[in-house]
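First comes the structure, then the notes that go with it.
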Amino acid sequence: MSRDDVLVRIATWNVNSVLARQPRLIDWLGATGPDVVCLQETKVAADAFPAVEVAALGYAVGHHGEGRWNGVAILSRIGLVDVVLGLPGDPGFPGPATREARTIAATCGPLRVRSVYVPNGRSPDDPHYEYKLAWLGALRAAVADDAASPRPFAVMGDFNVAPTDDDVWDPAAFVGATHVTSAERSALADLRAVGLTDVVPTISKGSPYTYWDYRAGSFHKGMGMRIDLVYANAALLSVVEAAWIDREARKGTGPSDHAPVVVDLGV
DNA sequence: ATGCCTTTCCCAGAAAGA
């Protein structure tokens, strides 16, 4: 399919610090030309996002930042209105008084989109694990109306859950770990049950993965995970023309440990 | 991979990531 056939290109990318990744992000925006981009782990304060630099490429920015940790954003060059920060019913950690910057939603032209950075969970016996499950429950409630809407909608980002054993390089290596437990996968299934479908990218070079640890040459050894997901409602799913993982963005100097997931829509 | 990198806080090493 040629670029001319694509009316709207959307993407999600955990950049692991938007400031550390700024040169690569700018290059990637110019080379890839997405219309809407959901970012995770911006790791900058609310007012420290490099908005001027992305505005030069035609993007408006919605950012929910808290500084050193977390932080999510939506970039759009097809409009950015009705921006909503955070999540009603967010459990917070350790409680609602300390909520983290993990989701932002916006309307971009004909689409409603939500960027999410789901809590890691740390380990199944850690309080952060229950927080992760509760957070996913709150997300389910927050997206139910958009999922049922005739307007195309996608919630996309770093879900920190591998949906199946095929989404990790070695299931045996994850026994007893987070990201693969039945409770986490059930929470994703519950999320899909409100009317969302996992837009699984085309397998490229034999790999379905979107994340590879920085250490021990994990990327070159194919030791990855598919944890960056695009969950689409029926209206958006019906116009998907292609979905793919930009492995090139994981190569070279100073990459994020995540690759972007790109979805082309014939809206 | 039980942290073999990377980033942030800020200038030393802790915290966090998955």
Side-chain angles (χ1 to χ4, degrees), chain A residues 12-25 28 39-50 63-73 92-94 98-103 115-136 139 156-185 187-188 207-229 245 247 249-261:
Chain A
T12 180
W13 191 11
N14 180 325
V15 290
N16 185 19
S17 170
V18 72
L19 296 181
R21 218 64 56 214
Q22 186 172 326
R24 293 199 57 141
L25 174 63
W28 182 83
L39 300 178
Q40 300 85 39
E41 289 205 83
T42 60
K43 292 186 173 179
V44 288
D47 59 356
F49 193 99
H63 180 226
H64 186 20
E66 66 178 61
R68 185 176 187 179
W69 307 116
N70 310 310
V72 285
F93 190 89
T98 46
R99 288 172 166 168
E100 300 172 311
R102 293 186 177 274
T103 185
S115 179
V116 295
Y117 177 49
V118 175
N120 172 289
R122 300 191 182 180
S123 70
D125 60 355
D126 191 293
H128 283 86
Y129 180 78
E130 293 304 322
Y131 166 51
K132 179 181 195 174
L133 297 176
W135 198 92
L136 283 167
L139 178 65
M156 48 190 177
D158 179 355
F159 283 74
N160 271 321
V161 181
T164 75
D165 279 353
D166 288 338
D167 296 312
V168 296
W169 60 275
D170 180 8
F174 289 88
V175 172
T178 57
H179 294 60
V180 300
T181 66
S182 58
E184 290 165 283
R185 287 172 173 170
L188 283 193
S207 171
Y209 307 138
T210 64
Y211 161 85
W212 300 261
D213 196 289
Y214 280 123
R215 294 157 299 163
S218 296
F219 179 68
H220 292 290
K221 294 176 184 173
M223 301 161 71
M225 309 173 76
R226 186 174 76 95
I227 55 176
D228 299 275
L229 310 175
I245 299 158
R247 292 172 54 90
R250 183 61 179 80
K251 301 178 180 176
T253 304
S256 169
D257 42 3
H258 295 251
V261 177

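Nothing here was measured: the structure is a model prediction, and the numbers come from that model. The sequence lines fix the lettering, A, B, ..., with proteins before strands; numbering per chain opens at 1. Computation of the quantities below employed the complete heavy-atom set of this structure, encompassing side-chain atoms and omitting hydrogens, waters and symmetry-equivalent molecules.
- The gap from the P atom of B:dC5 to that of B:dC10 amounts to 26 Å, rounded to the nearest Å.
- For the pair A:Phe174 CZ and B:dG17 C1', the computed distance is 13 Å after rounding to whole Å.
- Which of B:dA18, B:dA15, B:dC5 sits closest to the side chain of A:Trp69 comes down to B:dA15.
- In this structure, A:His128 reaches neither bases nor backbone, as no heavy-atom distance under 4.0 Å exists between it and the strands shown.
- Side-chain contact between A:Glu184 and A:Asn160 is absent, with no heavy-atom pair separated by less than 4.5 Å.
- Between the P atom of B:dA18 and the CH2 atom of A:Trp169 lies a distance of 17 Å, rounded to the nearest Å.
- The OH-P distance, from A:Tyr131 to B:dA18, rounds to 13 Å in whole Å.
- Looking at which nucleotide of DNA chain B each of A:Gly254 and A:Tyr211 is closest to, the 5′-most match is held by A:Gly254.
- Rounding to whole angstrom units, OH of residue A:Tyr209 and P of B:dA18 are separated by 17 Å.
- Between A:Thr178 and B:dA18 there is no side-chain N or O to OP1 or OP2 distance below 4.0 Å.
- An OP1 or OP2 oxygen of B:dT7 is reached within less than 4.0 angstrom by a side-chain nitrogen or oxygen of A:Arg21.
- Rounded to whole Å, the distance from CG on A:Asp257 to P on B:dT7 is 9 Å.
- The distance from atom CG of A:Asp167 to atom C1' of B:dA18 is 14 Å, rounded to the nearest whole Å.
- A donor-acceptor pair under 3.5 Å links the side-chain atoms of A:Arg21 to the main chain of A:Val15, judged by distance alone.
- With both ends at atom P, the span from B:dG13 to B:dT2 equals 25 Å, rounded to whole Å.
- Rounded to the nearest 0.5 angstrom, A:Tyr117 OH and A:Asp228 CG are separated by 10.5 Å.
- A:Tyr117 comes within 4.0 angstrom of sugar-phosphate atoms only, judged by non-hydrogen atoms across all strands, and of no base.
- OP1 or OP2 of B:dG17 has at least one side-chain nitrogen or oxygen of A:Arg122 nearer than 4.0 Å.
- Classified by its glycosidic torsion, B:dC10 falls in the anti category, the angle being over 90° from 0.
- The pair A:Asp165-A:Arg185 meets the salt-bridge criterion, since a charged nitrogen lies less than 4.0 angstrom from a carboxylate oxygen.
- If you check B:dG3, B:dG17, B:dA16 against the side chain of A:Arg102, the one that comes closest is B:dG17.
- In this structure, A:Tyr129 does not reach the B:dA18 phosphate: none of its side-chain N or O atoms is under 4.0 Å from OP1 or OP2.
- Nucleotides of DNA chain B nearest to A:Asn14 and A:Lys43 differ in position, and the one nearer the 5' end is that of A:Lys43.
- Neither OP1 nor OP2 of B:dT6 sits under 4.0 Å from any side-chain N or O of A:Asn16.
- Nucleotide B:dA16 holds its P atom 9 Å from the CZ atom of A:Phe93, rounded to whole Å.
- Remark: the A:Asn160 side chain and the B:dA18 base include no donor-acceptor N/O pair separated by less than 3.5 Å.
- A:Lys43 and A:Asn16 share a side-chain donor-acceptor pair at under 3.5 Å.
- Residues that satisfy the ring pair (Phe, Tyr, Trp, His ring centres under 6.0 Å) test with A:Tyr209, not counting sequence neighbours, are absent from this structure.
- Comparing B:dA12 with B:dT7, their C1' atoms are spaced 15 Å from each other, to the whole Å.
- Rounded to an integer number of Å, the gap from A:His179 NE2 to B:dA16 P is 15 Å.
- Within 3.5 Å, a donor on the side chain of A:Asp213 pairs with an acceptor on the base of B:dG3, or the reverse.
- Nearest to the side chain of A:Tyr214, among B:dA18, B:dG3, B:dG17, sits B:dG17.
- The side chain of A:Ala20 approaches B:dT7 more closely than any other nucleotide in the set B:dC5, B:dT7, B:dG17.
- The aromatic rings of A:Trp212 and A:Phe219 sit perpendicular to each other, their planes meeting at more than 60°, with 30° as the lower class boundary.
- Using a 4.0 Å heavy-atom criterion, one finds that A:Asp228 contacts no nucleic acid atom at all.
- A:Met223 comes within contact range of at least one nucleobase, with a heavy-atom separation under 4.0 Å.
- Comparing atom distances between the A:Leu19 side chain and each of B:dT8, B:dG3, B:dA18 picks out B:dT8 as nearest.
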